[in-house]
Amino acid sequence: MNFDYQRVPVADGVSLNVAVAGSGSPVVLLHGFPQTHLMWRHVAADLAADHTVLCPDLRGYGDSDKPADDGETYSKRTMAADVVALARAFGHEKFALAGHDRGALVAIRAGLDHPDHVSHLAILDVLPTLDMWDVLHGVSASVAFHLYLMAQPPGLPEQLISGAPDAFFSYFLDQWGADPEAIPADIRARYLEASRNAVPSIVADYRASAGIDVEHDRADREAGNQLKMPTTVVQQDWGVALGYDAVALWRAWAPDLVHETVHSGHFMAETSPGSVTKSLRDLLAR
């Protein structure tokens, strides 16, 4: 399956790089860290056999625009609005949405803010921002050291990461992957180049998750807002690792929930694309 590439304006001064293929009901796939839309290369090609598939680079990542941060520029609310605008640019007012890692946080926010636009929601290996901070305690929080580093005020995190960007981003590709061969050398090189060229915006994305994103999640929890669309969560067994009930946590947000635990590592769409594709197709059939 050959994908066409376009740059699509989604907000004032912000365009996203997006790969498009297929025809049929639309599915938008959002990538994680430290990756680009290329993480979906296997899953997207399969889905494009009978769906219109849109794979953008998130704002601040890959070949999409990287505007300077004003405190809200990289909030998941702003980034979710990008996704709705992107789908609308292709004529789709309603679409299925799947996100991995950082893209999953954007997808969650899109589901909460734009329930009339998101028909089905898939979340890969992440927790809602508010819960993510709540379950990290003591030495177990060391697995998420990068969250704390990039939560610091502007200046130091960017300087430290920019001092050795390939070492920093390679660490996550090495530590989080279950199968090194799932990310071949040419794809890995593109991930590292893209991340190296986006340090300020990547940090801004993470910094938002220690501030404004928490405020938005807390407001939704207090208001009783939930993800009303059919939702599938696929994740590693973080509940056992960090001591929480994963299904109960997710069901509080998503009543129409299918929760799947897998052992294919964090980069599951690359390590086990057939399994991820099946989960997405099962979701779309609900």
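Count residues from 1 along the sequence. Keep in mind that the numbers below use all heavy atoms, side chains included, and drop hydrogens, waters and symmetry copies. Note that this is a predicted model, so its numbers are computed, not measured.
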F169/I202 under side chain to side chain contact (heavy atoms under 4.5 Å, CB included): CA gap, chis, key distance, verdict:
CA-CA 11 Å; F169 296 114; I202 290 175; 4.2 Å; yes
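- For D113, the side chain to side chain donor-acceptor pair (under 3.5 Å) partners are R77, R109, not counting sequence neighbours.
- The OG1 atom of T73 lies 9.0 Å from the CD1 atom of I212; values are rounded to the nearest 0.5 Å.
- Side chains of L249 and V135 form a contact here, defined as non-hydrogen atoms less than 4.5 Å apart.
- Note: H216 NE2 to R221 CZ = 15.5 Å, rounded to the nearest 0.5 Å.
- Ring-plane geometry between W176 and F172 is classed as tilted, the angle between the planes lying from 30 to 60 degrees on a 0 to 90 degree scale.
- In plain terms, the two heavy atoms of V247 and L257 that are nearest each other are O-CD2, 4.0 Å.
- Looking only at distances, no side-chain donor or acceptor of D4 sits under 3.5 Å from a matching main-chain atom of V20.
- The two residues P67 and Y74 come nearest to each other via the heavy atoms O-OH, 2.8 Å.
- Judged by distance alone, with hydrogens and angles left aside, the side-chain atoms of S272 form no donor-acceptor pair with the main-chain N or O of M268 at under 3.5 Å.
- Using a cut-off of 4.0 Å between Lys/Arg side-chain N and Asp/Glu carboxylate O, R281 and D50 are scored as salt-bridged.
- Side-chain atoms of Y171 do not come within 3.5 Å of backbone N or O of D166 as any donor-acceptor pair.
- Under a 3.5 Å cut-off, the side chain of T52 and the backbone N or O of G24 do form a donor-acceptor pair.
- For the pair S15/V10, no side-chain contact is recorded, criterion being any heavy-atom separation below 4.5 Å from C-beta on.
- When every heavy atom of H31 is checked against every heavy atom of L58, the shortest pair comes out as NE2-N, 3.0 Å.
- Summarising the geometry, atom CG belonging to D82 is positioned 5.0 Å from atom CG belonging to L16; distances are rounded to the nearest 0.5 Å.
- At a threshold of 4.5 Å between non-hydrogen side-chain atoms, the residues V27 and L280 do not count as touching.
- The closest side-chain heavy-atom distance from R59 to S201 is not below 4.5 Å.
- Both L284 and V234 are members of a single hydrophobic cluster when ILVMFWY side chains are connected at heavy-atom separations under 4.5 Å.
- Screening F3, Y5, Y61 for a ring-ring contact (aromatic ring centres under 6.0 Å, His included) with H37, the sole residue that qualifies is Y5.
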For residues 141-152, tabulate all N or O donor-acceptor pairs below 3.5 Å that involve a side-chain atom, not counting sequence neighbours.
| from | atom 1 | to | atom 2 | distance (Å) |
| --- | --- | --- | --- | --- |
| S142 | OG | V139 | O | 2.8 |
| Q152 | NE2 | Y148 | O | 2.7 |

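- A salt bridge between K94 and D116 is absent, with no side-chain N of the basic residue lying under 4.0 Å from a carboxylate O of the acidic one.
- Under the 6.0 Å distance and 45° angle rule, R102 counts as a cation-pi partner of Y206.
- Considering all non-hydrogen atoms of both residues, L173 and R188 come closest at CB-NH1, 3.7 Å.
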Any chance you could lay out the side chain to side chain contact (heavy atoms under 4.5 Å, CB included) test for W253 and Q226, step after step, and finish with the verdict?
CA-CA 5 Å; W253 286 104; Q226 294 179 307; 5.8 Å; no
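- The pair D256-K228 fails the salt-bridge criterion, with no side-chain N (NZ, NE, NH1 or NH2) lying under 4.0 Å from an Asp/Glu carboxylate O.
- Side-chain heavy atoms closer than 4.5 Å link hydrophobic residues (I, L, V, M, F, W, Y) into clusters, and following such links, even through other members, never connects M229 to L283.
- Side-chain polar atoms of D131 and Y244 form no donor-acceptor pair below 3.5 angstrom.
- When W250, W133, W238 are each tested for a side-chain contact (heavy atoms from CB on, under 4.5 Å) with L127, only one passes: W250.
- In this model, a donor atom of one side chain and an acceptor atom of the other lie less than 3.5 Å apart for Q236 and D125.
- Aromatic ring centres of H51 and F95 lie farther apart than the 6.0 Å criterion allows.
- In this structure, a donor-acceptor pair under 3.5 Å is present between the side chains of S279 and E260.
- In this structure, R190 places its CZ atom where only 12 or fewer heavy-atom neighbours from other residues, nucleotides or ligands lie under 6.0 Å away.
- Minimum heavy-atom separation, T36 to A194: CG2-CB, 3.7 Å.
- Judged by distance alone, the side chain of R218 and the main-chain N or O of E215 form no donor-acceptor pair under 3.5 Å.
- Distance NE2/H120 to CG/L227: 13.5 Å, rounded to 0.5 Å.
- Proximity of a side-chain donor or acceptor of S64 to a complementary backbone N or O of D57 within less than 3.5 Å is detected.
- Inter-residue side-chain proximity for R207 and P154 is flagged as met; some heavy-atom pair is nearer than 4.5 Å.
- With values rounded to the nearest 0.5 angstrom, E270 atom CD is found 4.0 Å from I183 atom CD1.
- At a cut-off of 3.5 Å, with distance as the only test, a side-chain donor of S209 or D213 sits close to an acceptor on the other residue.
- A 4.5 Å side-chain heavy-atom check between V53 and L29 finds at least one atom pair inside the cut-off.
- Salt bridge K278/D282: present, at least one basic N to carboxylate O contact under 4.0 Å.
- Judged as a salt bridge (charged side-chain N to carboxylate O under 4.0 Å, His left out), and not counting sequence neighbours, the contacts of D65 are R7.
- Proximity of Q235 to V126: side-chain heavy atoms (C-beta onward) are nowhere separated by under 4.5 Å.
- Considering NE2 of H92 and OG of S119, their distance stands at 11.5 Å, rounded to 0.5 Å.
- When all heavy atoms are compared, the tightest approach of A246 to H259 is CB-NE2, 3.8 Å.
- Counting only heavy atoms from C-beta outward, the side chains of H266 and H100 approach each other to under 4.5 Å.
- Heavy atoms of other residues, nucleotides or ligands lying less than 6.0 angstrom from CD of E181 number 12 at most.
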